[in-house]
Amino acid sequence: MRIGAVAKATGCTPRALRHYEEHGLIASARAANGYREYDDAVVTRVRNIRHLLDAGLTLDDVRVFLPCLDGDVASAPPSPAGLRVGRERLAVLDARIAAQVAVRDRLAAALQAAAPDPALSPSPPPLAR
């Protein structure tokens, strides 16, 4: 399959596919005309990569899943390594969220100090959890 066909079958852009290839997550051969040629199985692999990225993992995190990217990652039982990576990524996201909440709280306090009239102070939106 050429890159356009893989992109269409997976909903990815050709640029994303080249990016995955640069990171060693997928591979292609070169046709005589220089076009990338992918094995049909790459469609499953790319869908699994997208599934893991959509779950919040990074491309470096996805590397842990290389041995099982050609199967059904979404319904397979999780491996200890996969669970470890997921927990580590969740901790990173929680830390980032906490940092952003702290920044938001400082800004809200500064606005309250600058405009103590409650009618002039913005009310913070509720946090979704």
### Query
Of all residues at least two apart in sequence or in a different chain, which pass the side chain to side chain contact (heavy atoms under 4.5 Å, CB included) check with Pro78?
Leu83

### Query
Should the pair Glu88-Arg84 be classified as a salt bridge under the 4.0 Å nitrogen-to-oxygen rule?
yes

### Message
Could you check whether any side-chain heavy atom of Leu69 comes within less than 4.5 Å of a side-chain heavy atom of Val62, counting everything from C-beta outward?
### Response
yes

### Message
Is any side-chain heavy atom of Leu59 closer than 4.5 Å to one of Leu53?
### Response
yes

### Query
Of the non-hydrogen atoms in Cys12 and Ala7, which two are nearest, and what is the gap between them?
O-CB, 3.1 Å

### Task
Find the distance between CG (Leu57) and NE2 (His51) and round it off to the nearest 0.5 Å.
9.0 Å

### Message
Apply side-chain contact (heavy atoms from CB on, under 4.5 Å) to residues Ile3 and Arg18 and explain how you reach the verdict.
### Response
CA-CA 9 Å; Ile3 196 166; Arg18 288 188 293 272; 3.8 Å; yes

### Candidate pair Tyr38 and Glu21, rule side-chain contact (heavy atoms from CB on, under 4.5 Å), full reasoning
CA-CA 11 Å; Tyr38 295 93; Glu21 192 169 345; 2.8 Å; yes

#### Entry: Evaluation steps, side-chain contact (heavy atoms from CB on, under 4.5 Å), between Met1 and Val43
CA-CA 10 Å; Met1 301 178 86; Val43 171; 3.8 Å; yes

### Message
Between Phe65 and Ile49, is the side-chain contact (heavy atoms from CB on, under 4.5 Å) condition met? List the steps.
### Response
CA-CA 9 Å; Phe65 296 87; Ile49 292 167; over 6 Å; no

## Note on the structure
Nearest heavy-atom approach of Ala31 to Glu37 is CB-CG, 3.8 Å

### Query
Is there a donor-acceptor contact under 3.5 Å from the side chain of Asp61 to the main chain of Thr58?
yes

### Task
Please report the shortest heavy-atom distance between Ser75 and Asp72, naming the atom on each side.
OG-OD2, 2.6 Å

### Task
Determine the minimum heavy-atom distance between Gly71 and Asn48, stating which atoms define it.
O-ND2, 2.6 Å

### Query
Minimum heavy-atom separation for Leu66 to Gly24, with atom names?
CD2-O, 4.2 Å

### Task
Please check if the side chain of Arg45 supplies one atom and the backbone of Cys68 the other of a donor-acceptor pair under 3.5 Å.
no

### Query
Does Val46 reach the side chain of Tyr20, with side-chain heavy atoms less than 4.5 Å apart?
yes

### Counterpart residues, side-chain hydrogen bond (donor to acceptor under 3.5 Å, both in side chains), relative to Arg2 (two or more places apart)
none

### Query
Within a radius of less than 6.0 Å around CZ of Arg15, do more than 12 heavy atoms belonging to other residues, nucleotides or ligands occur?
no

### Sidechain-backbone polar pair: Arg47 side chain, Gly11 backbone, donor-acceptor under 3.5 Å
no

## Note on the structure
All heavy atoms of Ile26 vs all of Leu17, minimum pair found to be CD1-O, 3.4 Å

